[in-house]
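Keep in mind it's a predicted model, so treat the numbers as computed, not measured.
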Amino acid sequence: MAQTSVADVFSPEKMAEVSRIVNSCRTIVSTFGGMTAGILGLYGFTGIFFYVILTIVLGAMILFLKSSPKGQWTTHFRHWSDVMTDGMFTGLFTFIMFWTLLYDIVHIYV
């Protein structure tokens with residue numbers, strides 16, 4: 001089995017690929033989370049709190065799934081906070097868009 005060096009793991013291409021994957025996961029979770037919050041009728045700070053919980057759960061799942069075999073999440077990420085904060089505001093805007101859309105459709109127009 002070939003050993004990977006630190007230079008290979010933290011190369012710009014690998015870091016960009018990992019960031020792209022985490023952002024894709026965050027966008028998907030934000031979309032479905034926003035739809036869920038809208039359907040449930042959450043509003044105000046409860047909806048924002050719901051997004052914070054989703055972000056923490058997603059980050060924990062990514063870290064857990066990437067570190068399952070040997071507990072080595074450091075082979076994919078520089079620091080655990082990179083997983084939690086990478087693309088957080090993009091996900092927040094996606095969450096708010098779908099949250100308000102579904103809230104309006106379900107609770108105002110129906």
(message) Determine whether Ser30 and Phe98 satisfy the following criterion, side chain to side chain contact (heavy atoms under 4.5 Å, CB included), listing intermediate values before the conclusion.
(response) CA-CA 8 Å; Ser30 296; Phe98 281 98; over 6 Å; no
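- No chain of hydrophobic side-chain contacts below 4.5 Å, direct or via other Ile, Leu, Val, Met, Phe, Trp or Tyr residues, connects Leu42 to Tyr103.
- Side-chain contact between Met35 and Thr31 is present, with at least one heavy-atom pair separated by less than 4.5 Å.
- Ile21 and Met61 fall into different hydrophobic clusters, where Ile, Leu, Val, Met, Phe, Trp and Tyr side chains are chained together by heavy-atom contacts under 4.5 Å.
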(request) List the steps and the verdict of side chain to side chain contact (heavy atoms under 4.5 Å, CB included) for Thr55 and Met88. (result) CA-CA 8 Å; Thr55 301; Met88 180 189 279; 3.8 Å; yes
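- Leu101 and Ile28 fall within a single hydrophobic cluster, where Ile, Leu, Val, Met, Phe, Trp and Tyr side chains are chained together by heavy-atom contacts under 4.5 Å.
- Distance check, rounded to the nearest 0.5 Å: CZ of Phe95 to OG1 of Thr36 gives 8.5 Å.
- No path of Ile, Leu, Val, Met, Phe, Trp and Tyr side chains, each step under 4.5 Å between heavy atoms, connects Phe89 with Met97, placing them in separate hydrophobic clusters.
- Trp99 has its side chain within reach of Ile48: a pair of non-hydrogen atoms, C-beta onward, lies under 4.5 Å apart.
- Residues Arg26 and Leu58 form a side-chain contact, since some pair of their non-hydrogen atoms from C-beta on lies under 4.5 Å apart.
- By the 4.5 Å heavy-atom criterion applied to side chains, Thr46 and Phe50 are not counted as neighbours.
- When hydrophobic clusters are built by joining Ile, Leu, Val, Met, Phe, Trp and Tyr residues whose side-chain heavy atoms come closer than 4.5 Å, directly or via intermediates, Leu54 is not grouped with Leu102.
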